[in-house]
Structures are given as structure tokens and as C-alpha cells.
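Below is one structure. I have some questions about it.
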Amino acid sequence: MHRLKLKNQSKARRQAKIRKTVIGTTHRPRLTVFISHHHVTAQVIDDSTGKTLVYASSVGQKNVTGTKTEIAQIVGTAIGQKAKSSKIKKVTFDRNGRLYHGRLKALADAARNEGLEF
């Protein structure tokens, strides 16, 4: 149990460190990503007003199948398209304490291919 507690504390410390510097504004909102064991969620947030501008997730979607990396790519494409339709071009990327690798990198690359700049 001590190992899991230490792991969670380390992740919380990394998240806090990142959130000190990564702040979403009206001109450049924050793209945050949450990856659970089964699903991927991404949202574009304006921290100055505290509102979510765009949201995409794999939760409850029937057409999302494949590996977890492919699901992350689908969510990245969806968030990129929704952001483009909301006239959002530039965002700051909040990796939420995770390493920029694997599913997180797949989501970021798919969002970049849709026209988001970060």
C-alpha cells in the first residue's frame, strides 16, 4: 500500500508543478488530457473564466474501438475538429503529470494534424 500511496503523491506533485506554469487564457486556452485505464478524455479550458470550451471523450461512444492508442488518436482528431469549429487555433498543452509518450503523444499528434497549434 505504501508504494501506491507514494506513486499517487508523486503524480499529484508533478500535476501541481505543471499547473503552476500552464495557464489557459482567452487567447490561448489550455488543452488538458485525462487518460484512465479504459477511456481518454480531452478538453479545452479557459482558466480566466473557468469554462470548458470544447470537450471530447471516448466514454459512451459505440464507434470507438481498437487499441488504446488508436482510441487516443480518435479523441485527438475529435478535439481538433471541435476546436477548429469553435475557431480555436492555439492552445497550451497540459499533459496532466504524464510523460509525453504513447497514448498522450498519439492524441497530441492527431490534434496537431487537425490544425491545433501547441
For K17, the salt bridge (charged side-chain N to carboxylate O under 4.0 Å, His left out) test, sequence neighbours excluded, returns none
Apply the side chain to side chain contact (heavy atoms under 4.5 Å, CB included) test between Y55 and each candidate in I45, T41, I79; give the one that qualifies. T41
Donor-acceptor under 3.5 Å (R112 side chain, G115 main chain): no
May I ask you to test the P29-V91 pair for a side-chain heavy-atom distance under 4.5 Å? yes
Smallest heavy-atom separation, A111 atom then F118 atom, equals CB-CE2, 4.2 Å
Might you point out which heavy atoms bring N96 and K11 nearest each other, and give the distance in Å? O-CE, 3.8 Å
Restricting to salt bridge (charged side-chain N to carboxylate O under 4.0 Å, His left out), what partner residues turn up for R14, sequence neighbours left out? none
For the residue pair L104 and F93, establish whether any side-chain heavy-atom pair is separated by less than 4.5 Å. yes
What one should report as the nearest heavy-atom pair of A110 and Q73 is CB-O, 3.4 Å
Tell me the closest heavy-atom pair linking A42 and L107, and the distance in Å. CB-CD1, 4.4 Å
Do I18 and L99 sit in the same hydrophobic cluster, where Ile, Leu, Val, Met, Phe, Trp and Tyr count as joined when their side-chain heavy atoms come under 4.5 Å apart? no
Going by the rule salt bridge (charged side-chain N to carboxylate O under 4.0 Å, His left out), which residues pair with R30 if we only count those two or more places apart in sequence or in a different chain? D47, D94
When every non-hydrogen atom of D46 is compared with those of T25, the smallest separation belongs to OD1-C, 3.3 Å
Applying side-chain hydrogen bond (donor to acceptor under 3.5 Å, both in side chains), can you list everything that pairs with K105, at least two apart in sequence or on another chain? D109
Please find the pair of heavy atoms, one from A72 and one from R103, that lie closest to each other, and give the distance. CB-O, 3.4 Å
Inter-residue atom distance L116.CG - Q81.CD, 0.5 Å rounding: 10.5 Å
Listing request: all salt bridge (charged side-chain N to carboxylate O under 4.0 Å, His left out) pairs with a residue in residues 65-74, at least two apart in sequence or in separate chains. none
Suppose we screen for side-chain hydrogen bond (donor to acceptor under 3.5 Å, both in side chains). Which residues come up paired with R95, at least two apart in sequence or across chains? none
Rounded at 0.5 Å granularity, tell me how far NZ in K51 sits from CD in Q43. 14.5 Å
